[in-house]
Undergrad: 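Dropping the structure in here first, questions after.
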Amino acid sequence: MSTSASCGHENSVQVTGISGDLCCVSAKPTWHVGKLRHLVAQELAVPTTELILLDGDTELKDQNAVGERRQLTAFRVSPSVAQRKVIEHMECMGTSLLQRAKILASQAAEQQ
């Protein structure tokens with residue numbers, strides 16, 4: 001199985017699972033892992049939300065750059081685990097945005 005991407009410098013990324021090799025996809029080092037995860041999910045015909053990519057023991061986050069990674073491990077989680085991860089991410093992002101808004105508001109107040 002192989003998926004090729006559009007023009008430019010691309011790396012071949014081998015994706016393995018518990019049962020061995022799953023697929024090989026082409027990805028640009030500047031891509032975010034989220035885009036790569038989407039390609040791998042399409043290749044494996046699984047929902048993107050249920051697919052987790054690892055680089056060694058480290059879970060890759062969607063905002064990470066693909067970089068020079070050449071081999072990743074993929075595993076699928078249940079729909080309920082995927083939903084829980086989405087909720088945790090949304091809560092984390094909401095907290096981060098709220099903290100940033102408070103900082104900006106205090107900086108604006110200091111400037112007045």
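Hydrogens, waters and symmetry mates play no part in the numbers below; they use all other heavy atoms, side chains included.
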Undergrad: Taking the side chain as everything from C-beta on, heavy atoms only, tell me whether Val13 gets closer than 4.5 Å to Trp31.
TA: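 Val13 does not reach Trp31 side chain to side chain.
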Undergrad: Given side chains that start at C-beta, do those of Leu54 and Phe75 come closer than 4.5 Å, heavy atoms only?
TA: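 When only atoms from C-beta onward are counted, Phe75 and Leu54 do touch, with a gap below 4.5 Å.
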Undergrad: Taking all heavy atoms of Ala41 and all of Thr48, pick out the closest pair and write down the distance.
TA: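 The answer is CB-OG1, 3.5 Å.
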Undergrad: Taking the side chain as every heavy atom from C-beta outward, state whether Arg69 and Leu60 have any atom pair closer than 4.5 Å.
TA: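 They are in contact (side-chain heavy atoms under 4.5 Å apart), so the answer is yes.
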Undergrad: Treating Ile, Leu, Val, Met, Phe, Trp and Tyr as nodes and any side-chain heavy-atom pair under 4.5 angstrom as an edge, say whether Val25 and Val46 lie in one connected cluster.
TA: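 Looking at the clustering, Val46 is in the same group as Val25.
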Undergrad: What pair of heavy atoms forms the shortest contact from Pro29 to Ala65, and how long is it?
TA: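 Minimum heavy-atom separation between Pro29 and Ala65: O-CB, 4.0 Å.
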Undergrad: Does any part of the side chain of Lys28, heavy atoms only, come nearer than 4.5 Å to the side chain of Val66, both counted from C-beta?
TA: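 Not touching, per the 4.5 Å side-chain cut-off.
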Undergrad: Going from NZ on Lys35 to CG on Leu39, what distance comes out if it is rounded to the nearest 0.5 angstrom?
TA: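 It is 7.5 Å, given to the nearest 0.5 Å.
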Undergrad: Give me the one residue out of Arg37, His32, His38 that meets side chain to side chain donor-acceptor pair (under 3.5 Å) with Asp62.
TA: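 Output: one option passes, namely Arg37.
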Undergrad: What distance do Ile52 atom CD1 and Thr73 atom OG1 have between them, rounded to the nearest 0.5 Å?
TA: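 So the gap between those two atoms works out to 12.0 Å.
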Undergrad: Can you tell if the side chain of Arg76 reaches within under 4.5 Å of the side chain of Pro47, non-hydrogen atoms only?
TA: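 Arg76 vs Pro47: side chains touch.
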Undergrad: Look up atom CD in Glu59 and atom NZ in Lys61, then write down how far apart they are to the nearest 0.5 Å.
TA: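 Nearest 0.5 Å value for the CD-NZ distance: 4.0 Å.
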Undergrad: Do you know the tightest heavy-atom contact between Val40 and Cys23?
TA: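 Result for this residue pair: CG1-SG, 4.2 Å.
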Undergrad: Roughly how far apart are Leu104 CG and Gln99 CD, rounded to 0.5 Å?
TA: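 Spacing of CG (Leu104) from CD (Gln99) equals 12.0 Å.
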Undergrad: Under 4.5 Å between side-chain heavy atoms, hopping through other hydrophobics if needed: is there a path connecting Leu53 to Leu44?
TA: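 Linked within one cluster.
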Undergrad: With side chains defined as the heavy atoms from C-beta onward, is the minimum distance between Gln14 and Asp21 less than 4.5 Å?
TA: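 Yes - at least one pair of side-chain heavy atoms lies under 4.5 Å apart.
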Undergrad: For Leu36, which of Leu72, Asn64, Val15 qualifies under side-chain contact (heavy atoms from CB on, under 4.5 Å)?
TA: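 Among Leu72, Asn64, Val15, the one meeting side-chain contact (heavy atoms from CB on, under 4.5 Å) with Leu36 is Leu72.
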Undergrad: Distance check, rounded to the nearest 0.5 Å: Thr49 atom OG1 versus Lys85 atom NZ?
TA: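 Reported value, rounded in 0.5 Å steps: 11.0 Å.
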Undergrad: Is the shortest side-chain heavy-atom distance between Pro79 and Glu50 below 4.5 Å?
TA: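 Yes, close enough: below the 4.5 Å cut-off.
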